[in-house]
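Every number for a ligand or one of its atoms is a count from 1 in the order of the listing.
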Amino acid sequence: MKLIKKGAEADIYQITWQDFRAILKIRKTKNYRNPSLDSKIRKQRTIKESQIISQVKSFGIPTPLVYFVNLENSSIIMQEIPGKPIHDLSESKIIHLSKIIGKLVGMLHKNGIMHGDLTTSNFILYKNTVYVIDFGLSQNTIKPEDHAVDLRLIKEILNSAHAKIMESAWKNFLLGYKSIVGSANYVKITKLVSDIESRGRYAQVV
Ligand SMILES: Nc1ncnc2c1ncn2[C@@H]1O[C@H](COP(=O)(O)OP(=O)(O)O)[C@@H](O)[C@H]1O
Ligand SMILES: [Mg+2]
């Protein structure tokens, strides 16, 4: 068992599961939370993640297979996607793949799913396919306001983590997103993104 990432919320290990290389994701206890609330939150997110990771496959989103869920320690064993997070790819690749990411997010929204943590580390490129991971904060919601929150977050990530290519990446993301959700939804949701930005809680990006 090899620790590959110590996240804020979970530890990620590479393991072997019935002869397959697999990922073990364990949600950690947070000492600042009330213990019973903490265990409830960790269980809830583990359940959400394992449900939605499988649910979205039915409408064509590539995700890891879930092998095992253990609610005793809030852990999930899933297929390892042995590719590279989009975050770590070259700038030209990120620009190109932004359109595919936009399409994937459009497919999620069109099917009533908000991802909840759209960063470029939560998309993995493997053999020409972009996989989506990390569904612990996702929700079943068709509210345009929730979908706008997803878009605002990925826009902010592009702006902070990929500032040099932000404009072309965001343009491609929106092209992909619009091609899936259609013009009317696109206009409605991007308008809400501007509203969120102008509310001043967030600074406007570009
Ligand atoms: N199924 C997987 N296959 C390959 N790498 C993974 C997988 N799940 C997680 N990882 C790696 O671990 C990192 C953190 O996992 P993630 O589920 O995003 O947890 P966190 O909530 O800490 O962001 C990912 O960015 C990715 O690099
Ligand atoms: Mg993540």
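Each of the following atoms of ligand 1 lies closer than 4.0 Å to a heavy atom of Met78: 1 (N). Residue-ligand proximity, Lys25 to ligand 1, at heavy-atom distances under 4.0 Å covers atoms 16 (P), 17 (O), 19 (O), 21 (O). Proximity to Pro64 (heavy-atom distance under 4.0 Å) selects the following atoms of ligand 1: 1 (N).
Residue Asp117 does not touch ligand 1, judged by heavy-atom distances below 4.0 Å. Contact annotation for Asn122 and ligand 1: only side-chain heavy atoms (C-beta onward) come within less than 4.0 Å of the ligand.
Closest to atom 25 (O) of ligand 1, if we only count protein heavy atoms, is Ser121 O, 3.1 Å. Nearest protein heavy-atom contact of atom 15 (O) of ligand 1 is Ile12 CD1, 3.4 Å. Shortest contact from atom 23 (O) of ligand 1 to any protein heavy atom: Asp134 OD2, 2.9 Å. Looking only at protein heavy atoms, the nearest one to atom 7 (C) of ligand 1 is Ile23 CG1, 3.8 Å. Nearest to atom 3 (N) of ligand 1 among the protein's heavy atoms is Ile81 N, 2.8 Å. Lys5 CD, 3.5 Å is the protein heavy atom nearest to atom 14 (C) of ligand 1. The protein atom (non-hydrogen) at minimum distance from atom 27 (O) of ligand 1 is Pro85 CG, 3.9 Å. Distance from atom 10 (N) of ligand 1 to its nearest protein heavy atom, with residue and atom name: Ile133 CD1, 4.0 Å.
Aromatic rings from Phe123 and His87 are positioned such that their centres are separated by 6.0 Å or more. Proximity of the aromatic rings of Phe173 and Trp170 is defined here by a centroid distance below 6.0 angstrom, and this criterion is met.
Val56 and Ile154 fall within a single hydrophobic cluster, where Ile, Leu, Val, Met, Phe, Trp and Tyr are joined by side-chain heavy atoms under 4.5 Å apart, directly or via other members.
Asp195 has no carboxylate O lying under 4.0 Å from a charged side-chain N of Arg199, or vice versa, which leaves the two without a salt bridge. Between Glu49 and Lys25, at least one side-chain nitrogen of the basic residue sits less than 4.0 Å from a carboxylate oxygen of the acidic one, meeting the salt-bridge criterion.
Scanning all heavy atoms of the two residues, the minimum distance from Ser75 to Leu24 falls at CB-CD1, 3.9 Å. Closest heavy-atom contact between Asp150 and His115: OD2-N, 2.8 Å.
With Asp88 contributing its side chain and Lys84 its backbone, the two residues share no donor-acceptor pair below 3.5 Å.
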Review point. Stepwise, does the salt bridge (Lys or Arg N to Asp or Glu O under 4.0 Å) test hold for Lys6 with Asp11?
Key: CA-CA 5 Å; Lys6 259 185 124 47; Asp11 288 339; 3.5 Å; yes

Review point. When you look at Glu197 and Lys155, which way does the salt bridge (Lys or Arg N to Asp or Glu O under 4.0 Å) test go after all the steps?
Key: CA-CA 11 Å; Glu197 289 176 339; Lys155 187 180 178 189; 2.9 Å; yes

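Here's the thing with Glu80: none of its N/O atoms is less than 3.5 angstrom from an N/O atom of ligand 1. In terms of N/O distances under 3.5 Å, ligand 1 is not approached by Glu49.
Ser98 and Asn172 form no side-chain donor-acceptor contact under 3.5 Å, judged by distance and modelled atom types alone.
Rounded to 10°, the angle that OD2 of Asp134 and OD1 of Asn122 form at the Mg ion (ligand 2) is 90°.
None of the N, O or S atoms belonging to Asp117 lies under 2.8 Å away from the Mg ion (ligand 2).
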